[in-house]
Colleague: 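One structure is given below, represented as structure tokens, and several questions about it will come after.
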Amino acid sequence: MVDNPVVRNPGEGARVKLDGLVRMFGHTRALDGFSISIEPGEFVALLGPSGCGKTTALRVLAGFESLDSGSVVVDGKDLSQVRAQKRDMGMVFQSYSLFPNMNALNNVAYGLRMRRQRPGPRKAKASQLLELVGLADQASKYPHQMSGGQQQRVALARALAVEPRVLLLDEPLSALDAKVRAELRDEIRALQTRLAITTVFVTHDQEEALSMADRVCVMSAGRNVQTATPVTLYERPATAFVAEFVGVSSRLPVERIGDEIVVFGERCAVRGAEQAISSGTLDALLRPEDVAIEVDPSAKEFVTHRNFLGASTRLIVQVGEISIRVDVRSDLAAELEPGTRVRPKVVSRDVLVAPRMNVSVADVSANGHPAHV
Amino acid sequence: MASLVADIAAEDVLAAPDIPCVRRRRLLTRFRYWRGIVLLIAAAYFLIPLYAGLRFSFQNDYGHWSLYAVKALPAQTGFGAAFFLSLRLGAVTLGLVLVLMVPTAIYVHLKLPRVRRLMDFVTILPIVIPPIVLILGILHAAPLWLRASPYLLSLAYVILSYPFVYRSLDAGLSAIDLRTLVEASRSLGGSFVRTLLHVLIPNLRSALVSATVLTLALVLGEFTMAQLDLWTTLPVWIYQFQQDDAHVATAAAMLTLVGTWLLLTVIVLLDRSQSRRAVRQGLR
């Protein structure tokens with residue numbers, strides 16, 4: 001463990017409030033009344049499909065984009081009109097952003113130099129930061145002499161060196177290969193927890209968001225659709241859009257009987273709010289783990305595809321005109337070749353529902369319009 | 001350029017699958033042969049006038065080898081003044097054009113990418129408009145106090161050097177991730193000026209060196225504008241002195257050429273040693 005001046009006590013991070021952010025690019029509303037409150041020391045991920053406004057929201061917070069309306073408040077102070085260099089935020093970018101003319105140590109020390117700290121103390125602190133990200137031996141290396149993972153670590157150290165009030169991460173892992181990405185993901189989370197720094201992380205990778213963040217904000221069309229813990233988001237999605245964007249789900253038209261629905265000929269309870277089934281026709285949103293199958297030569301349903309995922313195998317099962325995804329243990333999937341007739345069954349306690357849609361799941365995810373459950 | 005074209009053509013010949021192997025080798029040999037000839041012609045085009053100039057500089061009136069022209073040169077009336085005027089104009093032009101173009105090129109790349117095509121067009125205009133037209137216009141339009149100063153020429157040279165300086169900077173800026181570097185610096189507390197000094201200029205060094213080299217070469221060799229503005233810069237002095245002693249004037253022209261080359265070599269070497277030092281120690 002490094003004795004580091006940047007380490008804070010939990011709860012010492014800044015409180016961030018983005019309120020009613022509107023940002024237009026020509027006729028496009030990149031942000032359309034986006035609001036979120038972030039607690040001190042919290043790690044929040046902004047998650048959404050391409051063009052949902054997540055990066056714009058982060059850039060507005062950093063001060064790189066101006067606002068058409070709304071406010072950015074950090075620790076009770078409105079920063080909407082404050083320039084980026086005065087906002088006291090550290091940012092790690094998607095593309096490698098180290099200054100090519102400086103070695104790792106001078107890159108990390110850059111922010112302190114801009115704050116006119118003397119060479120001695122700033123180099124000492126930069127060394128400590130490099131040690132913190134495990135690159136003490138790379139201090140004299142130039143960016144072109146380092147790997148992508150090392151460069152992003154230095155970028156993280158550089159952002160932390162100025163002891164920012166908020167740490168902003170703009171898809172910092174997306175340019176890295178899978179193994180380095182997984183390692184760095186864990187390291188960033190561990191470091192963030194230790195430094196107790198309020199962090200906003202932008203990603204389009206739901207696995208990254210769910211595994212790293214305290215809370216995940218799902219965005220669509222410039223709005224905050226739902227902000228919740230990863231577990232709540234997965235189990236109690238507020239809208240069909242969230243249910244379909246976070247995790248995998250298959251839409252299946254279902255009948256309604258009283259407070260329950262009928263899936264595969266059996267009655268099931270509805271997950272979440274009761275008013276969900278108060279009106280209209282419904283689709284069930286089935287997670288792959290909600291459904292089990294058994295071989296039945298007399299059944300109408302059959303397996304069309306089989307994808308090996310390691311411990312589990314994902315099957316695509318044809319149910320009438322609809323395809324649904326079902327996960328089974330890989331050792332049990334050997335006999336389930338494409339063409340095998342199977343009988344599906346709901347095994348979870350309850351299932352998610354959404355108003356009936358006459359489009360495929362892929363279309364729903366692509367156009368990103370939320371439909372309230 | 002010619003050898004590059006020949007290389008590409010030779011590769012095409014090698015890559016073409018339907019040409020038999022022996023024929024292909026013969027074609028390749030013929031391309032190499034032509035490549036040598038083109039290179040030779042190009043070299044002759046540049047070297048023969050240079051050789052003629054040098055030989056004339058080291059001859060006396062009777063056609064014998066002699067150092068008299070080179071020895072007599074510094075003592076000639078007006079040579080020193082013309083030489084230092086050219087140097088002063090070079091320095092002032094370079095300062096002005098860099099102060100003007102570096103922030104402009106950065107601003108256009110950063111904030112107005114759509115204006116880049118317009119900039120390309122505007123900065124190419126000085127090549128399309130003959131210097132004689134430009135200087136006559138300037139002489140008519142400039143106020144009297146400015147017309148009385150040699151530095152009016154610097155203002156005109158700034159315009160003449162636009163195409164070279166803007167293109168060097170444009171290429172340099174396109175080679176770096178400008179937006180990310182600027183935003184990284186800003187998020188760390190860097191103002192625009194400090195970002196320029198500590199991040200952008202060091203990363204644009206090659207572009208700045210080539211802009212410097214081209215601007216100085218242009219100013220030290222410009223004749224038409226200086227002649228019409230009635231200032232005796234080095235090229236004007238050479239032209240005038242030619243009537244007195246052609247050998248000395250040619251020696252001066254050769255000296256300008258060698259001097260420019262030396263200056264450029266010094267600049268390039270300084271740049272290289274600086275980058276090597278930067279790699280060794282890291283820039284502070």
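Reminder, nothing fancy here: chain letters follow the sequence lines and each chain counts from 1.
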Colleague: Main chain of B:Leu204, side chain of A:Asn101: is a donor-acceptor contact present, judged purely on distance under 3.5 Å?
Modeller: no
Colleague: Under 4.5 Å heavy-atom distance to chain B, tell me which part of A:Leu168 shows up: side chain, backbone, both or neither.
Modeller: neither
Colleague: Would you say OH of B:Tyr107 has more than 12 non-hydrogen atoms from neighbouring residues, nucleotides or ligands within 6.0 angstrom?
Modeller: no
Colleague: How far does CZ of B:Arg194 sit from CZ of A:Arg116, to the nearest 0.5 angstrom?
Modeller: 4.0 Å
Colleague: If you check every heavy atom in residues 61-76 of chain A against those of chain B, which residues fall under 4.5 Å?
Modeller: A:Gly63, A:Phe64
Colleague: Per the ring pair (Phe, Tyr, Trp, His ring centres under 6.0 Å) rule, what does the pair list look like for residues 71-114 of chain A, sequence neighbours excluded?
Modeller: A:Phe99-A:Tyr110
Colleague: Would you give the length of the straight line joining atom CE of A:Met91 to atom CG of B:Leu188, rounded to the nearest 0.5 angstrom?
Modeller: 11.0 Å
Colleague: Got a second to check how far A:Met114's CE is from B:Ser191's OG, nearest 0.5 Å?
Modeller: 7.5 Å
Colleague: Relative to chain B, which segment of A:Arg158 carries a heavy atom at a distance below 4.5 Å: side chain, backbone, both, or neither?
Modeller: both
Colleague: Once you round to the nearest 0.5 Å, how far does CG of B:Asn203 lie from CE of A:Met102?
Modeller: 8.0 Å
Colleague: If you look only at pairs with a residue in residues 253-266 of chain B, which of them pass as a side-chain hydrogen bond (donor to acceptor under 3.5 Å, both in side chains), with sequence neighbours excluded?
Modeller: none
Colleague: Enumerate the ring pair (Phe, Tyr, Trp, His ring centres under 6.0 Å) contacts for residues 176-196 of chain B, please, sequence neighbours excluded, ordered by first and then second residue.
Modeller: none
Colleague: Any idea which of A:Ser95, A:Gly90, A:Pro100 has the most non-hydrogen atom pairs under 4.5 angstrom with chain B?
Modeller: A:Pro100
Colleague: Heavy-atom distances under 4.5 Å only: say whether A:Met89 touches chain B with side chain, backbone, both or neither.
Modeller: backbone
